[in-house]
Amino acid sequence: MALALLRHGAASAARRATVHASVAANARHTSSFAKVEEVPLETPEDWTNFQLKRAEYKSLLETFGEYGSTQTRDNTFQPHHSLHRPVAPSDITLSALLASGAHFGHSEKRMNPNFVPYAYGTRAGITIIDLDHTLPLLRRAAQVVRGVAARGGSVVFVGTRPDLRSAVRLAAERMGKQGYHVGERWLPGTLTNKVHMFGPEVARDEQVVPDLVVFLNPIPNIHAIRECALEHVPTIGIVDSNVDPRVVMYPIPANDESTRTAELIAGLLSVAGREGVAIHQEQEAKAALSASRRASRPREQRMA
């Protein structure tokens, strides 16, 4: 009995040793491809071996590549794409808004009565925002941003939460000189008391009041919205179910507490603004060209 147990244990150990040896061989074979670049090429034989291994690896890729997936990091969605690779207004879809969590509202007990037209219903005590209303209103806001930028206007993106600072900064950078952002705190009196804030010379000689303001979190910046209303500055804002949509001129019903939703909307509006900036620059170039042609005509007539 003991002899049989010893034989069984020896056979099991031999099988385990065989498995370990095969695994080690596969690891050495795999690592031979992974560490090809790390081997120094000192002799012609090393260079020949390097070329042979690279050709073998290339043939393996060509043989088995058609059976693998074509998805890579570049052609698949990543969570950071809404911040660094925003979509154009024409490419925005309901599924993108849904994936960002734009449809989640607040508790049904906190819903503002004026928000009822934008509510789809309630589930588990939470208001569900109707994205069929959000999508056209978002595209309308993108048209407004594009139109303001195409006429040379300035746009300010306001997001005073810490998680929104990178979104407003990148949105302003996409618009170049016509884009600005407020990420820390809106100082009261920035627009209504601009002479005291910026000085009489700056308030007189430069444009201090923007042409459009985009709010990613309107409720903490309600004093800024009041200043925009007093200065007759149009506003765009993300309004949640607990917010009166009438506080801004162009409301976008969506989840204002979702960072991904704010990044998606800010990126989309900034892309629309970048398109408007390109239109404005093209119009300026055409105007400068026509002006130069008009200026050259009298010279030609005098010379004739």
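This is a predicted model, so every value here is computed, not measured. Along the sequence shown, residues carry numbers from 1.
Inter-residue side-chain proximity for Val156 and His181 is flagged as unmet; no heavy-atom pair is nearer than 4.5 Å. Looking at heavy atoms from C-beta onward, Pro253 lies out of side-chain contact with Asp130 at the 4.5 angstrom threshold. The closest side-chain heavy-atom distance from Thr122 to Ile128 is not below 4.5 Å. In this structure the side chain of Phe115 never reaches within 4.5 angstrom of the side chain of Asn242, judged on heavy atoms. In this structure, Thr134 and Leu97 have side chains that are in contact, with non-hydrogen atoms separated by less than 4.5 Å. Annotation: side chain of Val239 is not in contact with side chain of Asp244 (no heavy-atom distance under 4.5 Å). Using a 4.5 Å heavy-atom cutoff, the side chains of Pro210 and Val155 are not in contact. Residues Leu264 and Ile92 form a side-chain contact, since some pair of their non-hydrogen atoms from C-beta on lies under 4.5 Å apart.
Side chain of Glu231 to backbone of Val233: no donor-acceptor contact under 3.5 angstrom is found. No donor-acceptor pair under 3.5 Å is formed between the side chain of Arg139 and the backbone N or O of Leu135. With hydrogens and angles disregarded, a donor-acceptor distance shorter than 3.5 Å links the side chain of Asn49 to the backbone of Glu45. Side-chain atoms of Ser241 come within 3.5 Å of backbone N or O of His106 as a donor-acceptor pair. Side-chain atoms of Gln178 come within 3.5 Å of backbone N or O of Gly153 as a donor-acceptor pair. Distance alone, capped at 3.5 Å, places no donor-acceptor pair between the Ser258 side chain and the Gly101 backbone.
Summarising the geometry of Asn217 relative to Asn221, their closest heavy-atom pair is O-ND2, 2.9 Å, with the distance given to 0.1 Å. In plain terms, the two heavy atoms of Ala272 and Ala142 that are nearest each other are CB-O, 3.4 Å. Minimum heavy-atom separation, Leu191 to Cys228: CD1-SG, 3.9 Å. Gly273 and Ala149 make their closest contact through O-CB, 3.4 Å (heavy atoms, listed as atom of the first residue, atom of the second, distance). The shortest heavy-atom contact between Pro234 and Leu212 is O-CD1, 3.3 Å. Contact record, Leu269 with Ala141: CD2-C, 3.8 Å, taken as the closest heavy-atom pair.
We find the CZ-OG1 distance between Arg185 and Thr160 to be 10.0 Å, quoted to the nearest 0.5 Å. We find the CG-CZ distance between Asp256 and Phe215 to be 13.5 Å, quoted to the nearest 0.5 Å. Separating the NZ atom in Lys109 from the CD1 atom in Ile126 is a distance of 10.5 Å, to the nearest 0.5 Å. For the atom pair CG (Leu268) and CG (Leu138), the distance works out to 5.0 Å, reported to the nearest 0.5 Å. Taken to the nearest 0.5 Å, the CD atom of Gln51 stands 9.0 Å off from the CG atom of Leu41. Rounding to the nearest 0.5 angstrom, the gap separating the CZ atom in Arg110 from the CG atom in Asp240 is 8.5 Å.
Other residues sharing the hydrophobic cluster of Met197, ordered by chain and number and joined by side-chain separations under 4.5 Å: Leu187, Phe198, Val202, Val208.
The hydrophobic clustering, which links ILVMFWY residues whose side-chain heavy atoms are closer than 4.5 Å, places Val116 and Ile129 together. By the criterion of side-chain heavy atoms lying less than 4.5 angstrom apart, applied directly or through intervening Ile, Leu, Val, Met, Phe, Trp or Tyr residues, Met175 is not grouped with Val182; the two fall into different hydrophobic clusters. Linking ILVMFWY residues whenever their side-chain heavy atoms come closer than 4.5 Å, directly or via other members, leaves Phe50 and Leu52 in distinct clusters. In the hydrophobic cluster analysis, where Ile, Leu, Val, Met, Phe, Trp and Tyr join through side-chain heavy atoms closer than 4.5 angstrom, Ile252 is grouped together with Val145. Hydrophobic clustering of Ile, Leu, Val, Met, Phe, Trp and Tyr side chains at less than 4.5 Å, counting indirect connections, unites Tyr250 with Val168.
The environment of CD in Glu201 is sparse: at most 12 heavy-atom neighbours from other residues, nucleotides or ligands sit within 6.0 Å. Surrounding CZ of Arg204 are more than 12 heavy atoms belonging to other residues, nucleotides or ligands, all under 6.0 Å away.
Between the side chains of Glu227 and His223, not a single donor N or O lies within less than 3.5 Å of an accepting N or O. Between the side chains of Thr259 and Asp163, a donor-acceptor pair is found at a separation under 3.5 Å. With hydrogens and angles left out, the side-chain atoms of Arg140 and Gln143 include no donor and acceptor closer than 3.5 Å.
Exactly one of Glu275, Glu173, Arg174 qualifies for a side chain to side chain donor-acceptor pair (under 3.5 Å) with Ser270. That residue is Arg174.
Using a cut-off of 4.0 Å between Lys/Arg side-chain N and Asp/Glu carboxylate O, Arg161 and Glu257 are scored as not salt-bridged.
Partners of Ile219 according to the side chain to side chain contact (heavy atoms under 4.5 Å, CB included) rule, which considers only residues two or more places apart in sequence or in another chain, are Val243.
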Quiz prompt | Verdict with supporting geometry, Met249 and Ile236, side-chain contact (heavy atoms from CB on, under 4.5 Å) | solution = CA-CA 6 Å; Met249 188 174 295; Ile236 297 174; over 6 Å; no
Exercise. Kindly indicate, with the supporting measurements, whether the criterion side-chain contact (heavy atoms from CB on, under 4.5 Å) is fulfilled by Phe104 and Thr261.
Key: CA-CA 10 Å; Phe104 290 114; Thr261 301; over 6 Å; no
Quiz item: Under the side-chain contact (heavy atoms from CB on, under 4.5 Å) criterion, do Thr127 and Ser107 qualify, and how do the steps go?
Solution: CA-CA 6 Å; Thr127 302; Ser107 172; over 6 Å; no
Practice problem: Take Arg165 and Glu184 through the side-chain contact (heavy atoms from CB on, under 4.5 Å) test and state the conclusion after the steps. | Solution: CA-CA 8 Å; Arg165 291 168 186 168; Glu184 296 291 337; 3.5 Å; yes
